[in-house]
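Below is one structure; the comments refer to it alone.
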Amino acid sequence: MSDTASNRPELPAEIARRRTFAIISHPDAGKTTLTEKFLLFGGAIQMAGQVRAKGESRRTRSDFMQMEKDRGISVSASAMSFDYRDFRFNLVDTPGHSDFSEDTYRTLTAVDAAVMVIDGAKGVESQTQKLFEVCRLRDLPILTFCNKMDRESRDIFDIIDEIQENLAIDVTPASWPIGVGRDFVGCYDILHDRLELMDRADRNKVAESIEINGLDDPKLVEHVPAHLLEKFLEELEMARELLPKLDHQALLDGTMTPIWFGSAINSFGVKELMDGIANFGPEPQVQTAQPRSIAPEEKKVAGFVFKVQANMDPKHRDRVAFVRMASGHFKRGMKLTHVRSKKLMTISNPVLFLASDRELADEAWAGDIIGIPNHGQLRIGDTLTEGEALRVSGIPSFAPELLQSVRPGDPLKSKHLEKALMQFAEEGAAKVFKPSIGSGFIVGVVGPLQFEVLASRIEMEYGLPVRFEQSQFTSARWVSGEKQALDKFINTNSQHIAYDHDGDIVYLTRLQWDIDRVVRDYPDLKLTATKEMMV
Ligand SMILES: Nc1nc2c(ncn2[C@@H]2O[C@H](COP(=O)(O)OP(=O)(O)OP(=O)(O)O)[C@@H](O)[C@H]2O)c(=O)[nH]1
Ligand SMILES: [Mg+2]
């Protein structure tokens, strides 16, 4: 069902039916709740576990870490695949908190579209703005879901104006809410001329849907309370006059976003959004890579790692690389070239992430996200191909902004701690530096909550209580250059030298002045605040 007015060839049906997208928003807008309802309507789960509900049976599928379950926030992106109508959805739920945004930004390199969730009471929030900008940089198509309409919300025209102005994108209403807060009864589906009525009694129920034949259809009067009907008709007329109509090409170009209104917790508006993703969402797209880009319809298989997660599931104690398939038809048992090491890897036990578990993936097509269990060979940014030396580019790496030193609760467990830290460093969850003098480790992160996540994970996954403490250093710079210049630098600055998990040299300090001095005194060396992921 593609009317993409581009000169791209038609995709094989198996690829064309794939929809790979991320759900993004400011913290707490309702991404995880929405993800649950997607799974529910995709038939992947029977009952949605409420995000903050306690008790074993009612837990969300995407917040799988202990800390996520305890706190009701997402700290890590998680992928899920399921079928909806004739489509295969590959969805990635992302954390909203900015401390975890490196994970979210990387996820955006692996998807073809984003569903932006907005809280109807709050409108465009700071993190919404940042994420939108990242999507716009990549011209990622964006579908908007204005959530929590069951509560008092802001004026709808205000919200739409705010999106248009702050985010510089055209907004077209796909639905229009009727009533607000307690009076909210449902939405008018503008794309299909239907009335969707919300059932407050049963949160997992699909809304009642009533076909409407023109706005003077008596069914409207029958179902919409008189005091809401007049205002609704007025608003709808205004909306139709003032706001652009849905333009599919503009949506695919990322210059127009359709907006649906609903309430994820009440399962309301979710199905319409899913239909929107199916009908208008992009097919798997061309992937930027060096020295050439990769098209999904290419016969040869290629894919890249955008996330690594260790100890995901206590039942499967291993490390899983999340791989976005960029082209071809992958079959289990294939031998693929790991481009960074130029070694062949037999992919014998790839997994599909399903709602409640993982399942062996016998095959995967361009667009899919699969997990490849491995012992550390696969790193973020790695590309797998059938031999060609292609490297997917543009996966971001953030500079560590906060440094702390870490100690095991039991001083005899220092080796264990090292192992745990290395694992997290390879996962990309933190930067780990081993100072050349003295013992102990220094950990660098983007936001303070990451220290908490690390402490909790080291304890849960390695049975090792740890303490994070203030470090004498506040900044880290990777140092590279000719061996001779490097050796001289290391010898004269040994108090400041550390090694990261790859053994690369890092300069630690607390003074910008120090960094300026090194730059001035060692013109042959290069100092960088981030380390390129791609090798
Ligand atoms: N009233 C109301 N509350 C909702 C709705 N959807 C979600 N919530 C609540 O909003 C809170 C946050 O929901 P989550 O789904 O965890 O939000 P999130 O965007 O995944 O949060 P982070 O991953 O931490 O950024 C929870 O308490 C939900 O129950 C809704 O439609 N109406
Ligand atoms: Mg969440």
Side-chain angles (χ1 to χ4, degrees), residues 22-41 45 47-55 58-80 91-105 107 114-131 144-154 159 175 177 179-187 196 198-207 260-273 447 449-450 452-453:
I23 302 196
I24 55 178
S25 80
H26 194 81
D28 255 12
K31 297 173 291 298
T32 301
T33 310
L34 186 63
T35 301
E36 286 279 296
K37 301 304 168 120
F38 272 44
L39 295 176
L40 189 67
F41 291 143
I45 56 172
M47 180 174 69
Q50 276 189 30
V51 177
R52 285 181 206 281
K54 300 278 186 250
R58 309 201 70 190
R59 292 257 160 93
T60 57
R61 321 289 143 156
S62 52
D63 285 349
F64 56 84
M65 286 186 200
Q66 194 57 42
M67 186 173 149
E68 298 182 308
K69 292 175 178 170
D70 293 344
R71 285 217 183 176
I73 64 165
S74 308
V75 307
S76 166
S78 56
M80 268 149 293
L91 169 167
V92 192
D93 180 21
T94 64
H97 200 290
S98 60
D99 286 10
F100 309 113
S101 49
E102 191 173 13
D103 210 31
T104 301
Y105 283 26
T107 298
V115 168
M116 174 64 81
V117 183
I118 285 178
D119 181 334
K122 301 194 173 139
V124 176
E125 296 175 84
S126 58
Q127 189 69 358
T128 320
Q129 179 96 33
K130 278 195 211 149
L131 289 163
T144 306
F145 185 72
C146 186
N147 192 29
K148 306 198 185 181
M149 296 304 294
D150 58 316
R151 293 221 199 124
E152 284 306 317
S153 72
R154 295 193 16 211
I159 294 177
S175 70
V180 285
R182 251 179 241 193
D183 269 349
F184 178 71
V185 292
C187 281
E196 309 287 346
M198 187 171 92
D199 188 335
R200 280 180 193 257
D202 185 348
R203 291 186 149 181
N204 286 337
K205 208 169 119 192
V206 182
W260 282 266
F261 296 86
S263 168
I265 200 125
N266 287 295
S267 308
F268 184 77
V270 177
K271 223 167 173 328
E272 291 70 30
L273 173 64
L449 270 179
Q450 285 179 284
E452 269 182 62
V453 173

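Every number for a ligand or one of its atoms is a count from 1 in the order of the listing.
Here's the thing with Pro95: none of its N/O atoms is less than 3.5 angstrom from an N/O atom of ligand 1. Some N or O of Lys31 is nearer than 3.5 Å to an N or O of ligand 1, by distance alone. At under 3.5 Å, not a single nitrogen or oxygen of His97, backbone or side chain, sits near a nitrogen or oxygen of ligand 1. For the pair Pro27 and ligand 1, the shortest N or O to N or O distance does not fall below 3.5 Å.
Distance alone, capped at 3.5 Å, is enough to place a donor-acceptor pair between the Lys37 side chain and the Ile265 backbone. Side-chain N or O atoms of Glu68 include one that pairs as donor or acceptor with a backbone N or O of Val75 at under 3.5 Å. Not one N or O on the side chain of Ser175 forms a donor-acceptor pair closer than 3.5 Å with the backbone of Trp260.
Taking each of Gly30, Ala29, Ser267, Ser263 in turn, the one with a heavy atom nearest to atom 31 (O) of ligand 1 proves to be Ser263. Considering Asp119, Thr33, Ile24 only, the shortest heavy-atom separation from atom 15 (O) of ligand 1 involves Thr33. Between the choices Val117, Ile265, Thr32, the shortest heavy-atom distance to atom 29 (O) of ligand 1 belongs to Ile265. Between Arg151, Lys148, Glu36, it is Lys148 that holds the heavy atom closest to atom 8 (N) of ligand 1.
Within the 4.5 Å cutoff, side-chain heavy atoms of Ile23 are placed close to those of Val117. Within the 4.5 Å cutoff, side-chain heavy atoms of Leu131 are placed close to those of Tyr105. In this structure, Arg200 and Phe184 have side chains that are in contact, with non-hydrogen atoms separated by less than 4.5 Å.
Pairs of residues two or more places apart, or lying in two chains, that qualify as side chain to side chain donor-acceptor pair (under 3.5 Å) and include a residue from residues 114-129 are His26-Glu125, Gln129-Glu133.
Contacts of Asn147 with ligand 1, taken as heavy-atom pairs under 4.0 Å, involve the side chain alone.
In this structure, Asn266 does not count as a contact residue of ligand 1, since none of its heavy atoms falls inside 4.0 Å of the ligand.
Under 3.5 Å, the side chains of Thr107 and Thr94 contain no donor-acceptor pair of N or O atoms. Side chain to side chain, Ser78 and Asp93 fail the donor-acceptor criterion of an N or O pair below 3.5 Å.
Neighbours of the Mg ion (ligand 2) restricted to protein N, O or S atoms under 2.8 Å: the count is 2.
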